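To keep things clear, I will list the structure first and then write my remarks on it.
Keep in mind the model is a prediction, meaning the values are calculated, not measured.
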Amino acid sequence: MKSNILVLLLLLTLSGCSKEDEKPEVIKSEAKEITTFEIEGVTTEIDGDIIKIYAPASLDFYYWKPTINISEKASISPVINVKVDFTNPILFRVYAEDGSFKLYTTELILLEGLQEIVLKLGSKDGKQIAVDRYLGKINELNNKIQIDYSGDAVERWESWELFPFLAIETTNDLETEPANNHFIDLSIKDHQLTIPGLDKTYELSIQSSDNFIKGINLPIRREFISSNFARDAFPEYIVGLEEDDILFYTLKNQDLTNITPDYFKISDYANITPDSSLPQDFSEDVVYTVTSETGVSKTRKVRVVEKNILMSNATNGAFSLSYTTNFFRYYIATSPIVDVELVNVETGEILGSEIWQNYETEDGRFYLQMVADEMPESKTSFFYRVTLEEGITVDTHGGVVFDPDGN
């Protein structure tokens with residue numbers, strides 16, 4: 001009896017252990033779909049196991065990096081992390097968690113329509129075409145076209161009687177409105193391009209990309225040269241300036257704190273801050289921001305440099321003398337010159353000279369006439385080292401070049 005009880009207990013124990021060791025069956029997912037396949041700027045469609053890519057006629061390349069979403073727990077091959085060429089079909093294999101897979105194939109479908117639109121400059125008879133051309137950016141999803149052009153180029157070619165027109169290319173020579181080689185008025189801002197055969201209309205934006213200060217003048221005392229670009233100025237005056245920033249040279253002892261430019265021209269269709277018609281404090285650099293019609297901004301500094309003396313053409317070089325040692329210059333200064341030396345630009349040596357005349361003219365300038373003691377043996381540049389009546393000595397950038405060979 002005791003042995004039967006032991007056998008029964010052993011069977012119960014073994015039976016309990018087998019139930020605890022049993023594990024539930026894991027069911028793996030069999031989902032293996034490409035749920036979305038997207039390419040920025042291009043229409044796509046998943047039709048069964050075919051991924052259709054509708055390429056606009058305006059494209060001449062088919063390299064894209066698609067965004068692909070697949071079923072949860074699935075994987076895909078190949079994995080595309082860079083742009084690839086979809087000109088030829090690409091085969092995708094989507095693997096489900098259970099190891100099964102599904103094949104998808106891409107199909108590139110070329111659409112009819114607008115291939116290219118270019119703003120060119122040419123003669124009305126079409127016989128002359130300028131080198132400048134501006135390719136339109138075509139956005140098929142939003143039905144918009146944007147052409148950014150240089151207003152300076154248009155202005156330059158207008159003097160040659162070359163005017164802007166649209167060169168339009170379509171598939172199968174589809175007609176457009178406006179038509180190919182249509183001259184266009186850039187002052188009109190709202191344009192449309194229609195392809196009647198496709199019942200399609202684009203918003204056409206043609207805008208100037210220029211954001212330049214094309215001219216500026218300040219009502220300050222100067223001698224001939226009104227302004228310089230920083231790239232053409234002398235190093236000591238351009239610290240902190242970019243090469244397209246602007247310098248003015250003026251006579252000292254003027255009030256620069258409340259000056260309104262008497263001439264200011266910027267690119268067509270651009271705008272500027274601060275308002276160029278308002279006075280500014282030019283005792284410090286004034287920073288103007290010019291924003292193009294396309295919305296791109298560029299800053300330009302305007303700096304006024306005060307000097308005790310300004311020689312005529314003092315800011316942009318000297319003039320040459322051949323076979324004579326007589327020369328003259330006009331100048332303006334805080335006081336008249338009482339002594340002048342000619343200093344060799346390269347060696348610093350002094351060339352003997354004598355003042356013949358030095359008097360104030362009716363327009364408030366001074367007229368200086370001099371003669372050098374001798375003509376140098378070879379072409380040599382000199383600058384003026386002048387002493388003013390007020391007792392200061394200044395090296396000017398205006399000078400003279402003696403050239404015995406007449407070159």
Please step through ring-ring contact (aromatic ring centres under 6.0 Å, His included) for the pair Tyr249 and Tyr237, ending with a clear verdict. CA-CA 10 Å; Tyr249 297 91; Tyr237 301 134; 5.5 Å; yes
Could you give all pairs that pass the side-chain hydrogen bond (donor to acceptor under 3.5 Å, both in side chains) test and reach residues 362-372, with sequence neighbours left out?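 Residue pairs with at least one partner in residues 362-372: Glu223-Arg365, Gln357-Gln369, Thr361-Asp363, Asp363-Arg365.
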Suppose the criterion is side-chain hydrogen bond (donor to acceptor under 3.5 Å, both in side chains): which pairs have a residue in residues 197-207, not counting sequence neighbours?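 Listed by first then second residue: Glu140-Lys200, Glu140-Tyr202, Thr194-Thr201.
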Option from Arg300, Lys301, Arg231 for which side-chain hydrogen bond (donor to acceptor under 3.5 Å, both in side chains) with Asp244 holds: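 Of all the options given, the one that passes is Arg231.
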Candidate pair Phe366 and Tyr330, rule ring-ring contact (aromatic ring centres under 6.0 Å, His included), full reasoning: CA-CA 6 Å; Phe366 293 95; Tyr330 287 97; over 10 Å; no
Whether the side chain of [X] engages the backbone of [Y] through a donor-acceptor N/O pair (distance < 3.5 Å, no angle test) should be reported.
X	Y	result
Ser335	Glu390	yes
Thr380	Ser378	yes
Arg93	Tyr104	no
Ser123	Gln128	yes
Thr105	Leu91	no
Lys65	Asn81	yes
Asn172	Glu112	no
Asn139	Leu141	yes
Tyr269	Ser292	no
Ser283	Thr257	no

Using distance alone, with no hydrogens and no angle criterion, decide if [X] and [Y] have a side-chain donor and acceptor under 3.5 Å apart.
X	Y	answer
Arg222	Asn217	yes
Asp339	Thr387	no
Asn358	Tyr331	yes
Tyr149	Glu293	no

Would you say the ring centroid of Tyr63 lies under 6.0 angstrom from that of Phe86?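 No: the rings miss the under 6.0 Å criterion.
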Roughly how far, to the nearest 0.5 Å, is [atom2] of [Y] from [atom1] of [X]?
X	Y	atom1	atom2	answer
Lys28	Glu97	NZ	CD	6.5 Å
Glu349	Glu341	CD	CD	13.0 Å
Asp232	Leu247	CG	CG	10.0 Å
Thr291	Ile272	OG1	CD1	9.0 Å
Ile350	Asp373	CD1	CG	12.0 Å

Would you mind checking if Lys120 and Asp132 are paired as a salt bridge, meaning a charged N to carboxylate O distance below 4.0 Å?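 A salt bridge is absent here (no side-chain N lies under 4.0 Å from a carboxylate O).
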Any ion pair linking Lys32 and Asp98 (charged N to carboxylate O, less than 4.0 Å)?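 Not counted as a salt bridge, because no side-chain N and carboxylate O are separated by less than 4.0 Å.
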Validation row: Ile129, Phe165 side chains within 4.5 angstrom (heavy atoms):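 A side-chain contact under 4.5 Å exists here.
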According to the interplanar angle, ranging from 0 to 90°, do the rings of Phe183 and Phe163 count as parallel (below 30°), tilted (30 to 60°) or perpendicular (above 60°)?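 Answer is perpendicular, since the angle exceeds 60°.
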